[in-house]
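Down below is the structure, laid out as structure tokens.
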Amino acid sequence: MARKFSKVDSIFRFLVLAVASAIVVLTVIYFYVLIKDSAVTLRTGLAFITGSTWNEEKGIFEVLPELYGSVVTSAIALLLGVPVSIGVAIFLSEQCPRRLRFPISFLVEMLAAVPSVVYGLWGLIVLSPLLEYKVYPVAQSYLGFLPIFRGRIFGLNFMTAGIVLAIMMIPIVASISKDALMAVPDSQREASYALGATRSEAVRMSVLKYARPGIIASVFIGFGRAFGETMAVTMLIGGAPDIPKSLFYPGQTLASLIATSYADALTPAYRSAVIEAGLVLLLVSFLANVAARTWIVRVTKGREAASFA
Amino acid sequence: MSASNEAKMNAVSLNAWYGAKQALFNVSLDFVPNKVTAMIGPSGCGKSTLIRCLNRMHELVPNTRITGKVLLDDQDIYSQGSDPADVRRRVGMVFQKPNPFPTMSITDNVVAGLKLSGVRDKKRLTEVARNMLERVYLWEEVKDDLKRSGASLSGGQQQRLCIARALAVEPEVILMDEPCSALDPIATAKIEELIASLKEIYTVIIVTHNMQQAARVADYTAFMYLGELVEYGETSQVFESPKQPLTERYVTGKFG
Amino acid sequence: MKATRRIVDKVLLSLTTVAVIIAIVPLVAIIFYVTVKGISAISIGFFTELPPLPASKLQPSPPGGLGNAVQGTLILVGLASAIGVPVGVLSGVYISEYGRNAYGNAIRFLGDTLVGIPSVVTGLLFFGLIVLTFRSYSVIAGSIALGTLMIPIVSNTTAAALQAVPNSLREASSALGVRKWRTSLLIISHAQSSIATGCLLAVARIAGETAPVLLTAGASNYWYSGLGAPIASLTYYIYNYAVSGTSNWVNLAWAGALVLMVVVMGINLVVRLVTRKKYTYG
């Protein structure tokens, strides 16, 4: 078994190592370049995300309305999309007849294959008129007592963007949640059934609780996607940099700000503002993903250790 | 075999299938109340399938079906109006591998079934939890730390916790599917001791691959082979003077 | 058991069915509209002609297509794959075959994380690095941005494909005295169809990207005119024509969406049906 030291072996090893390091280098470059290129507005500190002034002549660029838009549209997407996604995940993992499991999960995953710009096109031309004339007025007549549903109704607004984001989020959240649910050992389900639980009770008392870390992680990842989603939102939110009380008014998000103004950003301060908006997206989505992954690892490790104690 | 009106449960001409594969062939068996009945036989003999038919756990596996009857106090648990969830409250089950709910505390594990039936009274729940933990001889070991996760206990403690959980819903029959196979000898001894005490209140049916265990804990023993019931009688009779040659070869360790 | 518990059970179980319907209706609606509206606007000219003028009273349906956009997307995706596939595959090989250490775990972790970073940020990165430096949108910038988006996707799917190869094969190979790099090549060839699958899915994904293309490759109303010049793309025209409000342009946006969907969904469909078959039959 004495093998000679192989030169090719070490070259190959070095090659793949060097190439794989591209991922590390890339991560560093993302932060380095975006921080370097947003130096002008970074100097203004937190004012960038806490102020609402946007004055090209004076060179003041503050993005609170855009941050508000990103947060609000992602929140709408989570509120609408997460329950549906978890429902889909439960159906696929707990109820679905075996023959239907593949076709249904296939269809749901296909939602992730639709390009963002096609969501935008469909949302703009088909969905938003439907919402504007048929759905929002009805919603307002029932929920108009809430300030967020009051006032004039626009077709392109926070709500429309949020609804399409919710649809776009479903395949991601549903498939990660489904994996988490399917990883729950059958002994947990049996334990519940043996106590006289109905199917839904078994899901609630053991399956969902056991899979909770994975489901929470899926929500983080879904949030990260929604927060940075660009084209569909750009086409559907209306493009007004305001903080209106009503969700039926048009708005703007950090991502849609980038998509609509990068070409106009001719002064250093303006350009820096657009790039810092990207930096905020990078930070938020990076943290959401890191949180999701460390969360899964930490909780599952703890659980395995406990069950073998 | 004894008359059905004396039995707590009866399996009557029971056949069971997994898909196209038949796992039980025309099994009829009466379970005597307040006694421990052991089911023995080599693996794949259908003993686990049989007890899973006794509380309708069998049907949770897709593509399974059964024919025949299972009577609980002379009522067929597979009849039209019978609800599996109700059956499982009256016929509790303990599994091969301890399966406490890892996200629940020890107390919550014990009363999980009780909460399902709508008991919300905190005082009552703590009381029941304590009673059940005492009944399975676990109270002294965990009483200072009832908030711990059920999964943080040792294997033997987990299994006793699962038994306490099954007892808390006040079943009439307890099914145990190889409850000691994942445990060390000391933990096994504790569970066996516990089983002996349980029959005062419950009818106990236990599946085991361990003949010594059957001999130690069971009043009656059923020997199954290839999905058929070969012999059933008092434990001493089955082990000491088996009627069937097959049984004799099995209990003397000639195969299995 | 109380009747209420039984009813609650039925209601909750049917709610999940409702959720499935809610999830699938938009997909059906999108496919329906894209197909119906797209087919009526598509013709041979769509693939061969330059974009038309906006419709006017004098000329209600000016001739033209999105040939340059189809060409541009093909060029961008092709060049991006030339970057993303080799880098992604090799780093997947590292993660799976050499990465059983802290550094390998870190790369895997960062790879997972990079997949979740908004593509507009990647666009912005190369907008800053290349477009601003050379003062021009370019095919090069666009290809690098899209290629970068491919790297973590290809790397993850490659690593997963390699890890699915049974360890016994590696052991058998090294027990015969085969060198590690040859063993790695053997493992790669064993997993080549899964690796190809992952690459195809990555191609499908970047072909539909819009924001990073806008920020790096820019846009053009003409045919390809060099690596250093801006270039047209399907997604740019879908976006731009969708919001234009001009009827013949909106129709072309639908046609563009149809072409894009056929390619993207087609790849997904084939890949998933094929891999499913493989998993089912061994």
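Sequence lines set the chain letters: A, B, ... in the order given, protein chains first and strands last, and positions in each chain run from 1.
With hydrogens and angles disregarded, a donor-acceptor distance shorter than 3.5 Å links the side chain of A:D9 to the backbone of C:W181. A:E201 contributes no side-chain N or O that, together with a main-chain N or O of C:D9, makes up a donor-acceptor pair within less than 3.5 Å.
If you measure heavy-atom distances from A:A113 to chain C, the contacts under 4.5 Å come from both the backbone and the side chain. Heavy atoms closer than 4.5 Å to chain C are found nowhere in A:I221, neither backbone nor side chain. For A:M110, the parts lying under 4.5 angstrom from a heavy atom of chain C are both the backbone and the side chain. In this structure, no portion of A:V203 lies under 4.5 Å from any heavy atom of chain C. Residue contact with chain C, scored on non-hydrogen atoms closer than 4.5 Å, involves the backbone of A:A197 exclusively. Proximity to chain C (any heavy atom under 4.5 Å) is shown, for A:S85, by neither the backbone nor the side chain. Of the atoms belonging to A:E94, not a single heavy atom falls under 4.5 Å from chain C. With a 4.5 angstrom heavy-atom cutoff, A:A263 touches chain C via backbone and side-chain atoms both. Using a 4.5 Å cut-off between heavy atoms, A:I125 touches chain C through its side chain atoms alone. For A:F106, the part sitting under 4.5 Å from any heavy atom of chain C is the side chain, from C-beta outward, and nothing else. Within the 4.5 angstrom heavy-atom criterion, atoms from both the backbone and the side chain of A:I23 approach chain C. Residue contact with chain C, scored on non-hydrogen atoms closer than 4.5 Å, involves the backbone and the side chain of A:V117 alike. Using a 4.5 Å cut-off between heavy atoms, A:I29 contacts chain C through both its backbone and its side chain.
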Test A:R293 against C:D112 for side chain to side chain contact (heavy atoms under 4.5 Å, CB included), laying out the working first. CA-CA 9 Å; A:R293 293 184 201 284; C:D112 282 345; 3.3 Å; yes
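Of all non-hydrogen atoms in C:A23 and A:I170, the two that sit nearest each other are CB-CG2, 3.9 Å. Nearest approach of A:S285 to C:G116, heavy atoms of both residues: CB-O, 3.9 Å.
In this structure, C:I22 CD1 and A:I167 CD1 are separated by 10.0 Å, a value rounded to the nearest 0.5 Å. The CG atom of C:L124 sits 11.5 Å away from atom CD of A:E276, with the distance rounded to the nearest 0.5 Å. Note: A:R199 CZ to C:K10 NZ = 10.0 Å, rounded to the nearest 0.5 Å. To the nearest 0.5 Å, atom CD1 of residue C:I24 and atom CD1 of residue A:I104 are 5.5 Å apart. Annotation: the span from A:F91 atom CZ to C:L13 atom CG amounts to 10.0 Å, rounded to 0.5 Å. For the atom pair A:L279 CG and C:L125 CG, the distance stands at 11.5 Å (nearest 0.5 Å).
By the 4.5 Å heavy-atom criterion applied to side chains, C:Y241 and A:L121 are not counted as neighbours. The closest side-chain heavy-atom distance from C:Y98 to A:L17 is not below 4.5 Å. For the pair A:T198/C:R6, no side-chain contact is recorded, criterion being any heavy-atom separation below 4.5 Å from C-beta on. Counting heavy atoms from C-beta on, the side chains of C:I30 and A:Y119 come closer than 4.5 Å.
Within a 6.0 Å sphere centred on CZ of A:F31, other residues, nucleotides and ligands contribute more than 12 heavy atoms.
Comparing C:V8, C:L260, C:T122 by heavy-atom pairs within less than 4.5 Å of chain A, the highest count is held by C:T122. Contact count versus chain C (heavy atoms, under 4.5 Å) is highest, among A:L92, A:D37, A:L107, A:I11, for A:L107.
The one candidate from C:I95, C:V89, C:L90 that meets the side-chain contact (heavy atoms from CB on, under 4.5 Å) condition with A:V16 is C:L90.
By the 30° and 60° cut-offs, the orientation of the rings of C:Y137 relative to A:Y262 is perpendicular.
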